[in-house]
Amino acid sequence: MANLPQLRIPAVYMRGGTSKGTFFRQDDLPESARRPGPSRDALLMRVVGSPDPYGKHTDGMGGATSSTSKVVIVSTSESPDHDVDYLFGQVSIDKPFVDWSGNCGNLSSAVGPFAIESGMIAPERIPHDGEVEVRIWQANIGKTIVSRVPVCNGRVQETGEFVLDGVAFPAAEIHLAFKDPADGEGSMFPTGHVVDELSVPDDIVVGGRIDATLINAGIPTIFVDAADLGYRGDELQEDINEDPAALARLEALRAHGALKMGLINRLEDAANRQHTPKLAFVAPPRSYAASSGKSIEAGDIDLLVRAMSMGKLHHAMMGTAAVAIGVAAAVPGTLVNRAAGGGKERASVVFGHPSGTLRVGAGVRQQENEWVAEEATMSRSARILMEGLVRVPQDGIE
């Protein structure tokens, strides 16, 4: 049987925030991959190089971490209120699985620049110098993101002086506003409480009980106190990711939180929902050395946050989890609010993560005895790393 030539598909490889992934225009994908289903998933997994039993993504575009095993599909929006539709896929590294259950906040910052550079924004809307407002429909969760992209000489400005901890080089600043960021899977607090008590096996938490804030904002997130897990809150990746027992315990806790949130029906279902919910642990401020060696002073931050992504401690902070942090901090009584000092609504917080710090803002209000998030804001940066044709073997792809 003759071997088939590889598919050649236009693609752009981009960094957005502290993540990177392969971006496609929907119309550039093969016909069978323009709609949900096994054909689309098989194609995108092959692009990334998954599943890879060696965990390296040597034969694909992925980077063998949760921050770099990502794909994005963008199309011109049919809605008059939006410019583009943005669909995000989190590709498992070692399993044949693409998780479409949530957004990537970091790569959200790259969607506006991609849309402009790909000709999806009308030329008359692009000034010679200034910024372009790109209204994005986040198709995974059905929410609006407004991106303000800087422009210089009629092109997207990518270089600049904005420093984002977790990214080695400065770049141009992109402002993001996540409108009405409750995830769309029910109330912002799905149990109706800002703090719940989870019943878990003793091998997860001594005593079998742990307090948690369960929130749908940006992405479904489970917040717990670091001290309840035996942590300080200033841990770096190697402290968690080199401890298999700790990873198993944290994943089991995530499954119990997902069940409490109503996101899964059985604990074992969490294995097929790896991207959401996220699990994060919080602590009051303390000084520590970030992974780069940079000194983070307790007086410069409001709290510490560490978050798990796809079974590992994230090297910085997921953008969607940052939204959840900002919104939870704004609501008095949540574990995030308490870690930040408690007692009041907070319009913004600066939190410490393994790579440094990040400021996130949020606006919330009470409506009929329920908390509602109006908006969450943050700054990121993005850059095109490479553009051209990605080549994909056709074997196993219909």
Side-chain angles (χ1 to χ4, degrees), residues 18-19 48 50-57 62-70 90-99 101-102 104 166 198-212 214 219-261 263-264 266-283 288 290-291 304-318 320-321 324-325 335 352-355:
T18 57
S19 294
V48 170
S50 288
D52 184 350
Y54 305 104
K56 301 297 182 184
H57 278 159
T65 69
S66 68
S67 300
T68 55
S69 304
K70 302 173 182 279
Q90 178 74 57
V91 182
S92 176
I93 296 169
D94 58 349
K95 297 179 177 65
F97 178 63
V98 183
D99 196 329
S101 66
C104 174
L198 298 181
S199 296
V200 298
D202 284 343
D203 58 354
I204 296 179
V205 178
V206 176
R209 296 185 182 278
I210 185 170
D211 285 344
L214 311 173
I219 201 165
T221 305
I222 304 155
F223 289 107
V224 297
D225 282 330
D228 287 346
L229 295 172
Y231 296 135
R232 301 180 307 274
D234 62 354
E235 285 77 12
L236 302 182
Q237 279 193 297
E238 58 268 22
D239 298 319
I240 306 295
N241 293 345
E242 295 178 6
D243 185 345
L247 294 177
R249 183 169 66 120
L250 292 168
E251 176 58 20
L253 177 57
R254 188 185 77 90
H256 280 272
L259 189 64
K260 184 75 170 182
M261 295 179 81
L263 299 176
I264 57 176
R266 304 171 303 162
L267 288 174
E268 50 267 34
D269 293 340
N272 293 320
R273 187 170 175 142
Q274 299 176 340
H275 182 51
T276 61
K278 299 301 186 188
L279 172 68
F281 49 94
V282 299
Y288 68 100
S291 56
L304 296 167
V305 191
R306 300 297 187 262
M308 305 298 293
S309 179
M310 301 293 284
K312 296 291 182 71
L313 184 71
H314 195 275
H315 71 101
M317 184 55 62
M318 305 80 79
T320 47
I325 292 165
L335 297 184
H353 56 72
S355 294

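The structure displayed is predicted, hence computed values, not measured ones. All residue numbers in this chain count up from 1 along the given sequence.
Checking side-chain atoms of Asn241 against main-chain N and O of Lys312 turns up no donor-acceptor pair under 3.5 Å. Looking at Asp269, its side chain does come within 3.5 Å of a backbone N or O of Arg266 through a donor-acceptor pair. Judged by distance alone, the side chain of Asp225 and the main-chain N or O of Ala227 form no donor-acceptor pair under 3.5 Å.
To the nearest 0.5 Å, atom NE2 of residue His353 and atom CG of residue Leu236 are 11.5 Å apart. A distance of 11.5 Å separates CD1 of Ile264 from OG of Ser101, quoted to the nearest 0.5 Å.
Residues Asp239 and Tyr231 have side chains not in contact (no heavy-atom distance under 4.5 Å, counting atoms from C-beta outward). Side-chain contact between His315 and Ser291 is absent, with no heavy-atom pair separated by less than 4.5 Å. Residues Asp234 and Arg306 form a side-chain contact, since some pair of their non-hydrogen atoms from C-beta on lies under 4.5 Å apart. The shortest distance between side-chain heavy atoms of Leu253 and Val200 falls below 4.5 Å. Side-chain contact check for Met310 versus Ile93: every heavy-atom pair is 4.5 Å or farther apart. Between Leu229 and Ile210 the shortest side-chain heavy-atom distance falls below 4.5 Å. His57 places a side-chain heavy atom less than 4.5 Å from the side chain of Ser50. With a 4.5 Å cut-off on side-chain heavy atoms, Met308 and Lys278 do not count as touching.
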Derivation of the side chain to side chain contact (heavy atoms under 4.5 Å, CB included) call for Ile240 and Leu250 = CA-CA 10 Å; Ile240 306 295; Leu250 292 168; 3.8 Å; yes
Phe281 and Glu235: CA distance, side-chain angles, deciding distance, side chain to side chain contact (heavy atoms under 4.5 Å, CB included) verdict = CA-CA 10 Å; Phe281 49 94; Glu235 285 77 12; 3.8 Å; yes
Trace of the side chain to side chain contact (heavy atoms under 4.5 Å, CB included) decision for Leu263 with Arg273 = CA-CA 9 Å; Leu263 299 176; Arg273 187 170 175 142; 3.8 Å; yes
Report the C-alpha distance between Arg249 and Asp203 in whole Å, list the side-chain angles of each, state the deciding distance to 0.1 Å, and finish with yes or no for side chain to side chain contact (heavy atoms under 4.5 Å, CB included).
-> CA-CA 7 Å; Arg249 183 169 66 120; Asp203 58 354; over 6 Å; no
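Closest approach of Ile204 and Ala252 over heavy atoms only: CD1-CB, 3.5 Å. The minimum heavy-atom distance linking Ala212 with Leu335 is given by the pair CA-CD1, 3.8 Å. Closest approach of Cys104 to Ser19, counting heavy atoms only: SG-OG, 4.1 Å. A pairwise comparison of heavy atoms in Gly102 and Thr276 identifies CA-CG2, 4.1 Å as the closest pair. Here the shortest heavy-atom pairing between Asp228 and Val205 reads O-CG1, 4.0 Å. Residue Gly233 comes nearest to Ala283 through the heavy atom pair CA-CB, 4.0 Å, listed as atom of the first residue, atom of the second, then distance.
Here the rule is side-chain hydrogen bond (donor to acceptor under 3.5 Å, both in side chains) with His314, and of Ser67, Ser66, Ser309 only Ser67 fits it.
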